[in-house]
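What follows is a set of notes on a single structure, which appears directly below.
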Amino acid sequence: MLSRHKLTAWLPTVLVAIFLVIQIFPIVWVISASLQTPEALARGPSNRLIPDTLYFGNYVRAFETSPLLQYLLNSTIIAVLTIGLTILLAAPAAYAIEKLRFNGSQIVLNYFLLGLMIPVFVALLPIFQSLGFLGIRNSYWAVVLPQVGFQLPVAIYLYASFFRSIPNELLEAASIDGAGVFRTFWSVAVPLSINATITIVVYNFIFIWNEFVFANTFLTSDALKTLPVGLNDFVSDMGRRDYGATYAAIVVSVLPTVALYLFLNRRIIDSMTAGAVRG
């Protein structure tokens, strides 16, 4: 019989394992279902979690019966533009707030953080009218610009938290060597903030890749549909008659975010650990 001390020591591990299974099982189940033959799916995909044979015909039909590649391209373009513009604006803004220390810098930071309190749905109508006034509705920018606005508060906060931990002596040494403000920012602060940048990239990418409201509201052209909107239409149509292709399309939509996180998760953990230690 296990002692109370051993039970207490093992309890966190057991809880984490249970949580991990709950989180991973749906993904494994969908991947397994996407690799099963139509006959196996007709009997129910839950009958056998590991397919007898790997059947890729579901993926072939998914790409043949819908413009999934176009949806992927649209989502990728929007993600790259949004993340690039967010970093381009957030990094220098946070550096100025934390290191240049002008009058009212903290007020400016608090003003940006107020953006975290604004629900997306409250801003839909004003944004819709503004995009129409600018003439950019039903374009990539109609989705990129609103997302940049809503992502900036978090990005500025993360960058500001990191720049706060950079010793001022390091920046002063660069200044003594003849570097100006921009040179110091670009050559010293930006390279040091690579982990913070990766954290922002991953966080924003997951949010942007799964964003549905802006894309569904501001984009009406089929050629501009993003993956979540296109997948919604695909599932509504194919989900009634081709479960295999539906599961395959879902896997295609999920894999990029999973792959990106698995590839960069070490950098994210390093960034969080560094912030905790320096804070």
Side-chain angles (χ1 to χ4, degrees), residues 73 75-116 134 136 139-209 211 256-257 259-279:
L73 178 61
S75 290
T76 301
I77 292 174
I78 290 174
V80 170
L81 290 175
T82 303
I83 292 172
L85 193 55
T86 299
I87 292 175
L88 188 64
L89 295 174
Y95 181 81
I97 290 171
E98 286 300 328
K99 291 307 179 183
L100 300 187
R101 288 293 179 178
F102 54 88
N103 291 332
S105 59
Q106 289 305 306
I107 296 177
V108 173
L109 178 60
N110 292 333
Y111 174 78
F112 279 118
L113 294 181
L114 285 176
L116 297 173
L134 295 173
I136 58 175
S139 68
Y140 289 134
W141 294 110
V143 179
V144 170
L145 294 180
Q147 290 193 92
V148 169
F150 278 94
Q151 293 302 316
L152 271 178
V154 174
I156 290 176
Y157 175 75
L158 291 175
Y159 270 127
S161 299
F162 181 83
F163 289 146
R164 192 179 303 127
S165 68
I166 297 179
N168 290 329
E169 292 77 10
L170 185 62
L171 304 179
E172 292 170 359
S175 178
I176 292 174
D177 288 339
V181 173
F182 178 79
R183 180 71 175 180
T184 302
F185 164 73
W186 183 253
S187 299
V188 180
V190 170
L192 289 175
S193 63
I194 183 64
N195 285 342
T197 300
I198 290 176
T199 301
I200 292 170
V201 168
V202 174
Y203 172 82
N204 283 355
F205 182 82
I206 293 174
F207 177 85
I208 296 164
W209 194 260
E211 198 284 320
T257 55
L260 182 68
Y261 180 78
L262 292 177
F263 181 70
L264 298 176
N265 75 88
R266 174 52 56 186
R267 289 295 190 99
I268 297 173
I269 294 173
D270 290 343
S271 176
M272 293 180 177
T273 304
V277 173
R278 292 173 182 169

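Residues: numbered from 1 along the sequence shown.
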(request) Have a look at Leu81 and tell me which of Val148, Thr86, Val144 forms a side-chain contact (heavy atoms from CB on, under 4.5 Å) with it. (result) Val144

(request) Report, as yes or no, whether the 6.0 Å neighbourhood of atom CG on Asn103 holds more than 12 heavy atoms from other residues, nucleotides or ligands. (result) no

(request) Return the minimal non-hydrogen interatomic distance between Trp209 and Pro256, and the atom names on each side. (result) CZ2-CG, 3.6 Å

(message) For a 4.5 angstrom cut-off between non-hydrogen side-chain atoms, does Val143 reach Ile208?
(response) no

(request) Please tell me if the side chains of Tyr159 and Ile156 come closer than 4.5 Å, counting only heavy atoms from C-beta onward. (result) no

(request) Heavy atoms only: give me the nearest Leu192-Phe162 pair and the separation to one decimal. (result) O-CZ, 2.8 Å

(message) Classify the ring geometry of Phe163 against Tyr95: parallel below 30°, tilted from 30° to 60°, perpendicular beyond 60°.
(response) perpendicular

(message) Please find the pair of heavy atoms, one from Ala160 and one from Ala94, that lie closest to each other, and give the distance.
(response) N-CB, 3.5 Å

(request) Give, for atom CD1 of Ile83 and atom CG of Leu88, the distance between the pair rounded to the nearest 0.5 Å. (result) 13.5 Å

(message) Is the shortest side-chain heavy-atom distance between Ile97 and Phe112 below 4.5 Å?
(response) yes

(request) Give, for atom CG of Leu152 and atom CG of Leu113, the distance between the pair rounded to the nearest 0.5 Å. (result) 11.5 Å

(message) Whether the side chain of Lys99 engages the backbone of Ile166 through a donor-acceptor N/O pair (distance < 3.5 Å, no angle test) should be reported.
(response) yes

(message) Is it true that, when you exclude Ile107 itself, more than 12 heavy atoms of the residues, nucleotides or ligands shown sit nearer than 6.0 Å to its CD1?
(response) no

(request) Can you measure from CZ (Phe150) to CG (Leu145) and round to the nearest 0.5 angstrom? (result) 12.5 Å

(message) Please determine whether the number of non-hydrogen atoms from other residues, nucleotides or ligands lying under 6.0 Å from atom OH of Tyr140 exceeds 12.
(response) yes

(request) Answer yes or no: is there a donor N or O on one side and an acceptor on the other, between the side chain of Ser193 and the main chain of Val190, under 3.5 Å? (result) yes

(message) Would Val108 and Phe102 count as a side chain to side chain contact (heavy atoms under 4.5 Å, CB included) here? Give the steps.
(response) CA-CA 10 Å; Val108 173; Phe102 54 88; 3.9 Å; yes

(request) Identify the heavy atoms of Pro153 and Gly115 that sit nearest to each other, and give their distance. (result) CG-CA, 4.0 Å

(message) To check you understand the geometry: which heavy-atom pair defines the closest contact between Pro191 and Ser187, and what is its length?
(response) CG-O, 3.3 Å

(request) Please answer whether the main-chain N or O of Ala79 pairs with a side-chain N or O of Thr82 as donor and acceptor at a distance below 3.5 Å. (result) no

(message) Contact between Gln147 and Asn204 at the side-chain level, heavy atoms closer than 4.5 Å - yes or no?
(response) no

(request) Measure the spacing between OG of Ser161 and CG of Leu109 and express it to the nearest 0.5 Å. (result) 8.0 Å

(message) My understanding is that only residues two or more places apart in sequence, or in another chain, count here; which of them pass side-chain contact (heavy atoms from CB on, under 4.5 Å) with Ser175?
(response) none

